[in-house]
Amino acid sequence: MKNTKKVLLATLAAGSMLALAACSGGSGGSGDGGGDGGLIGVAMPTKSSERWIQDGDAVKSQLEDQGFTVDLQYAEDDIPTQVSQIENMITKGAEALIIASIDGTTLSQVLQDAADADIPVIAYDRLIRDSENVDYYASFDNFVVGQQQAWSVLNGLGLTELDGTPIDGAPAGPFNIELFAGSPDDNNATFFWNGAMDVLQPLMDDGTLVVKSGQTEFEQAATLRWDGEVAQSRMEDILTANYSDGSKVNAVLSPYDGLSRGIISALTDAGYTVGAEWPIISGQDAELDSVKAINSGEQYATIFKDTRNLAKVAVDMASAILNGEKPEVNNTTDYDNGVKVVPSYLLESQIVVKDNIQEVLVDSGYWTDAEING
Ligand code: BGC
């Protein structure tokens, strides 16, 4: 049985292009249950960010609906904890692993153990790097997420529509912007940054956007572990060093709502007030506090990545593999993990601004009106 699964997996990975050609619509395998009570290990990075709680809950309930039992673990952003949680899942006889890694480069040994036990591995949202033992990747188009973050900033400044189309008669600027990136050990952070820079760099080159701090490199902008307090203190330093002459920062590229909240605190502490030269600030994840901040004008936009749909892709992938079917993928070129290109299914994200909160977040049932306005 185990050997059969291994051969099948090798065949499936090799045949992902065929799977792509063969499937249309939908977002995964058959989804017709058949879990037979088998155990699936689900490793999530942290409960300190709301989105991962939503992800964990959605993956667990959808797996249970398909007849699996679930071992869902959170590692509070501690790498050794995540490694030992995954080891435990293997020891307990997990039939498949769904992993949202903390540091995408630190799981090679534990994934070798999984491979030795013929356990398929699905990288969830964040690509797991430096290992051949990653079978599939479920995520969003992370380069586009970065572009959307940049477009949302430009939209707030009156320069473009939300899809990046230039607006006739837009102000010439220049606008002062400061740039934040995510955690350097998270593969997504580079994708978000590259997508955003694809949009912003030409405007930095022609002088429309000015980064007064001069911190324009990913390494300078990166925020280890996506920590909001780190972003807050970096923003405080930037304001002190570059804006004490009375000049104002007009926009901040932030790749995650938790960083945006830290940046907002730094701005407030420095005397900025909403409604009076308050900067345009981006975000990601549509976390509840940040949706409220968009409503109150503190944050301009966020990027909504529907965790329910991502969970469905990952669950359908696991279910398909375990039922001897081919998971559907829609990208077999972009996600090279350093050892191989991991067959991926990428979902689309949406920009949320004040005007479409109702349509995108409430009408879809992601947040209720009472949660946002209550
Ligand atoms: C996810 C983002 C999230 C960030 C911080 C990234 O890997 O793709 O949605 O904002 O981690 O948790």
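Note that the coordinates shown come from a computational prediction; the quantities given were computed from them, not determined experimentally. One-based numbering, in listed order, for ligands and for the atoms of each.
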*asked:* I need the single residue from D186, D103, N337, N187 that forms a side-chain hydrogen bond (donor to acceptor under 3.5 Å, both in side chains) with R129. Which is it?
replied: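 By the side-chain hydrogen bond (donor to acceptor under 3.5 Å, both in side chains) criterion, R129 pairs with just one of D186, D103, N337, N187: N187.
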
*asked:* Below 4.0 Å from ligand 1: does a non-hydrogen atom of F192 turn up there or not?
replied: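 Within the 4.0 Å threshold, so yes.
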
*Hey, would you say the Y137 and Y335 ring centroids sit under 6.0 Å apart?*
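Judged by ring-centre distance (under 6.0 Å), Y137 and Y335 do meet the cut-off.
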
*Answer with yes or no after comparing the ring centroid distance for Y136 and Y345 against a 6.0 Å cut-off, counting only values under it.*
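No, the ring of Y136 stays outside the 6.0 Å limit from the ring of Y345, centre to centre.
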
Any N/O pair [X]/ligand 1 closer than 3.5 Å:
X: S49; value: no
X: K305; value: yes
X: Y256; value: no

*With heavy atoms of R51 as the reference, note each atom of ligand 1 found under 4.0 Å away.*
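Heavy-atom distances to R51 below 4.0 Å select 1 (C), 2 (C), 8 (O), 9 (O).
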
_Proximal atoms of ligand 1 relative to D186 (non-hydrogen, under 4.0 Å)_ =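 Ligand 1 atoms under the 4.0 Å threshold to D186: 6 (C), 7 (O), 11 (O).
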
*Is a donor on one side and an acceptor on the other found under 3.5 Å between the side chain of T223 and the backbone of A181?*
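Flag set: sc T223 to bb A181 pair under 3.5 Å.
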
Assess whether atom [atom1] of [X] is packed by more than 12 heavy atoms of other residues, nucleotides or ligands within 6.0 Å.
X: D245; atom1: CG; value: yes
X: E229; atom1: CD; value: no
X: K305; atom1: NZ; value: yes

*Provide, to 0.1 Å, the distance between atom 10 (O) of ligand 1 and the closest protein heavy atom, together with that atom's residue and name.*
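Heavy-atom neighbour on the protein nearest atom 10 (O) of ligand 1: D285 OD2, 2.6 Å.
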
_Nearest neighbour in protein (non-hydrogen) for atom 11 (O) of ligand 1_ =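 Result for atom 11 (O) of ligand 1: R126 NH2, 2.9 Å.
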
*Mind checking whether W52 contacts ligand 1 via backbone (N, CA, C, O), side chain (CB onward), both or neither, at a 4.0 Å heavy-atom cut-off?*
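Side chain only.
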
*Indicate, as side chain, backbone, both or neither, the part of D125 found under 4.0 angstrom from ligand 1 when only non-hydrogen atoms are considered.*
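Only the side chain of D125 comes within reach of ligand 1.
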
